[in-house]
Amino acid sequence: MEMHHHNHHETITGTGYDIIIVSIVIAAMLAYPLAAYFTSKTYKRWPLYRYFYWSLGVVTAGAALVGPLAELAHSSFTAHMFGHLLLGMLAPLLLVLSAPMKLLLRTLNTTHARRLSCLLKSRYIQFVSNPIVAATLNIGGLAVLYTTGLYSAMHDSLLLHVLVHLHVFLAGYLFTASIIYMDVSPHRYSYVYRALVLILALAGHKILSKHIYAHPPEGVARADAETGGMLMYYGGDMVDVVLIILLCYHWYKATAPKRVSPPDTATTPSC
């Protein structure tokens with residue numbers, strides 16, 4: 001059955017797919033530091049650690065989409081799960097820490113920055129950036145992927161392959177940004193609410209990983225599913241610990257204003 005996935009993979013992706021992904025990675029690796037460098041001449045110097053987070057985040061996401069790991073992921077569920085952790089959890093965390101929206105707002109001219117600000121403050125963004133909605137899109141999407149025939153089908157269709165990976169990344173990014181406010185966040189929710197949603201999301205992620213262990217997705221060998229399920233269970237913990245630490249640290253700063261500086265309160269231009 002594993003060969004079933006591999007053979008179909010060779011028919012749905014190829015040089016064109018790899019070129020597009022690599023081009024996006026190269027463009028992202030160039031655009032961010034250039035924008036940070038040139039806007040630092042006008043505004044406050046862009047922190048060096050954000051360059052590091054962005055570069056590592058882009059490389060992490062790219063490694064899940066092209067190269068040896070991505071190739072192996074079509075014949076090994078364990079490799080697929082490792083790629084899932086990189087694309088849906090680690091890369092979003094690193095990219096959120098690099099505050100790309102904040103950089104984009106100071107890169108655009110005033111007119112375009114105000115339009116972007118209006119978009120960020122829109123009801124649609126308010127809805128999808130609600131932590132419970134973001135968590136549902138994130139964990140719910142994974143549940144659909146691994147408990148239906150979607151996982152098997154994505155190996156037969158390039159469109160499904162691209163859409164699934166795009167959803168995994170965007171949902172992971174949206175969820176991370178909705179829990180920790182490291183970037184521009186016009187719609188803010190209380191620490192208690194975000195902590196409760198984070199706990200529910202962690203529980204959902206663990207329940208799903210146990211389900212995969214006991215009930216392999218369609219087309220996946222049991223031993224491969226067990227290894228992949230354990231990787232999802234324990235690998236997810238490593239990223240979740242960082243989320244918990246950052247949320248608690250910001251919570252502490254917000255409730256102890258006299259002892260430490262206040263949290264980062266990034267704002268958007270008025271629209």
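Taking all atoms of both residues into account, the shortest heavy-atom contact from Tyr53 to Leu94 is CB-O, 3.4 Å. When all heavy atoms of Pro100 and Tyr32 are compared, the closest pair comes out as CA-CE1, 4.3 Å. The two residues Val96 and Met182 make their nearest non-hydrogen contact at O-CB, 3.7 Å. Taking all atoms of both residues into account, the shortest heavy-atom contact from Leu231 to Leu85 is O-CD1, 3.5 Å. The minimum heavy-atom distance linking Glu218 with Gly149 is given by the pair OE1-CA, 3.7 Å. For the residue pair Thr107 and Ala35, the shortest heavy atom distance occurs at OG1-CB, 3.6 Å.
Looking at Ser76, its side chain never comes within 3.5 Å of a backbone N or O of Ala73 through a donor-acceptor pair. No donor-acceptor pair under 3.5 Å is formed between the side chain of His161 and the backbone N or O of Ala153. Ser75 places a side-chain N or O within donor-acceptor distance of the main-chain N or O of Leu72, the cut-off being under 3.5 Å. Proximity of a side-chain donor or acceptor of Asp183 to a complementary backbone N or O of Met101 within less than 3.5 Å is detected. Between the Ser152 side chain and the Gly219 main chain, no donor and acceptor come within less than 3.5 Å of each other.
A continuous path of hydrophobic side-chain contacts links Leu158 to Val22 [ILVMFWY only; heavy atoms under 4.5 Å]. A continuous path of ILVMFWY side-chain contacts below 4.5 Å connects Tyr193 to Tyr181, so both sit in one hydrophobic cluster. A continuous path of ILVMFWY side-chain contacts below 4.5 Å connects Tyr146 to Leu170, so both sit in one hydrophobic cluster. Cluster membership for Leu159 and Val168, using ILVMFWY side-chain heavy atoms within less than 4.5 angstrom, is not shared. By the criterion of side-chain heavy atoms lying less than 4.5 angstrom apart, applied directly or through intervening Ile, Leu, Val, Met, Phe, Trp or Tyr residues, Ile199 is not grouped with Tyr249; the two fall into different hydrophobic clusters.
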Q | Pair Lys102-Ser185, side chain to side chain contact (heavy atoms under 4.5 Å, CB included): steps then yes or no | A | CA-CA 9 Å; Lys102 195 180 295 182; Ser185 305; over 6 Å; no
Q: Decide yes or no on side chain to side chain contact (heavy atoms under 4.5 Å, CB included) for Leu95 and Phe169, but give the supporting numbers first.
A: CA-CA 11 Å; Leu95 295 177; Phe169 171 73; 3.6 Å; yes
Q: Report the C-alpha separation of Thr147 and Leu208 in whole Å, then their side-chain angles, then the decisive distance to 0.1 Å, and conclude whether the side chain to side chain contact (heavy atoms under 4.5 Å, CB included) test is met.
A: CA-CA 9 Å; Thr147 61; Leu208 184 58; 4.2 Å; yes
(Q) Set out, in order, the CA-CA distance, both residues' side-chain angles and the distance that settles side chain to side chain contact (heavy atoms under 4.5 Å, CB included) for Tyr17 and Leu65, then state yes or no. (A) CA-CA 10 Å; Tyr17 170 83; Leu65 297 172; 4.1 Å; yes
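Side-chain contact between Val25 and Val66 is absent, with no heavy atoms from C-beta onward closer than 4.5 Å. Taking 4.5 Å as the limit, every side-chain heavy atom of Ile125 sits out of range of all side-chain heavy atoms of Pro186. In this structure, Leu97 and Leu246 have side chains that are in contact, with non-hydrogen atoms separated by less than 4.5 Å. Residues Leu108 and Arg115 are not in side-chain contact: their nearest non-hydrogen atoms beyond the backbone lie 4.5 Å or more apart. Within the 4.5 Å cutoff, side-chain heavy atoms of His155 are placed close to those of His74. Side-chain contact between Trp251 and Arg194: absent, with no pair of heavy atoms (C-beta onward) separated by less than 4.5 Å. The shortest distance between side-chain heavy atoms of Leu142 and His84 falls below 4.5 Å. The closest side-chain heavy-atom distance from Pro217 to Ile212 is below 4.5 Å.
Residues Asn138 and Tyr173 have side chains that never bring a donor and an acceptor to within less than 3.5 angstrom of each other. Side-chain contact check for Tyr49 and Trp54: no donor-acceptor pair (N or O, by modelled atom type) lies under 3.5 Å. In summary, the side chains of Arg50 and Ser98 do not present any donor paired with an acceptor at a separation below 3.5 Å, with no hydrogens or angles considered.
Of the residues Met81, His205, Lys206, the one that meets the side chain to side chain contact (heavy atoms under 4.5 Å, CB included) test with Tyr233 is Lys206.
We find the OG1-NE2 distance between Thr78 and His80 to be 10.5 Å, quoted to the nearest 0.5 Å. Atom CZ of Phe82 and atom CE of Met232 lie 15.0 Å apart (nearest 0.5 Å). Here the straight-line distance linking atom NE2 of His112 with atom CG of Leu105 works out to 13.0 Å at 0.5 Å rounding. Considering CG of Leu93 and CD1 of Ile179, their distance stands at 12.0 Å, rounded to 0.5 Å. Atom CE of Met230 and atom OG of Ser209 lie 10.5 Å apart (nearest 0.5 Å). One finds the OH atom of Tyr151 at 13.5 Å from the CG atom of Leu160 (value rounded to the nearest 0.5 Å).
Cation-pi contact between Arg222 and Tyr213: absent, since separation from the ring centre below 6.0 Å together with deviation from the ring axis within 45° is not met.
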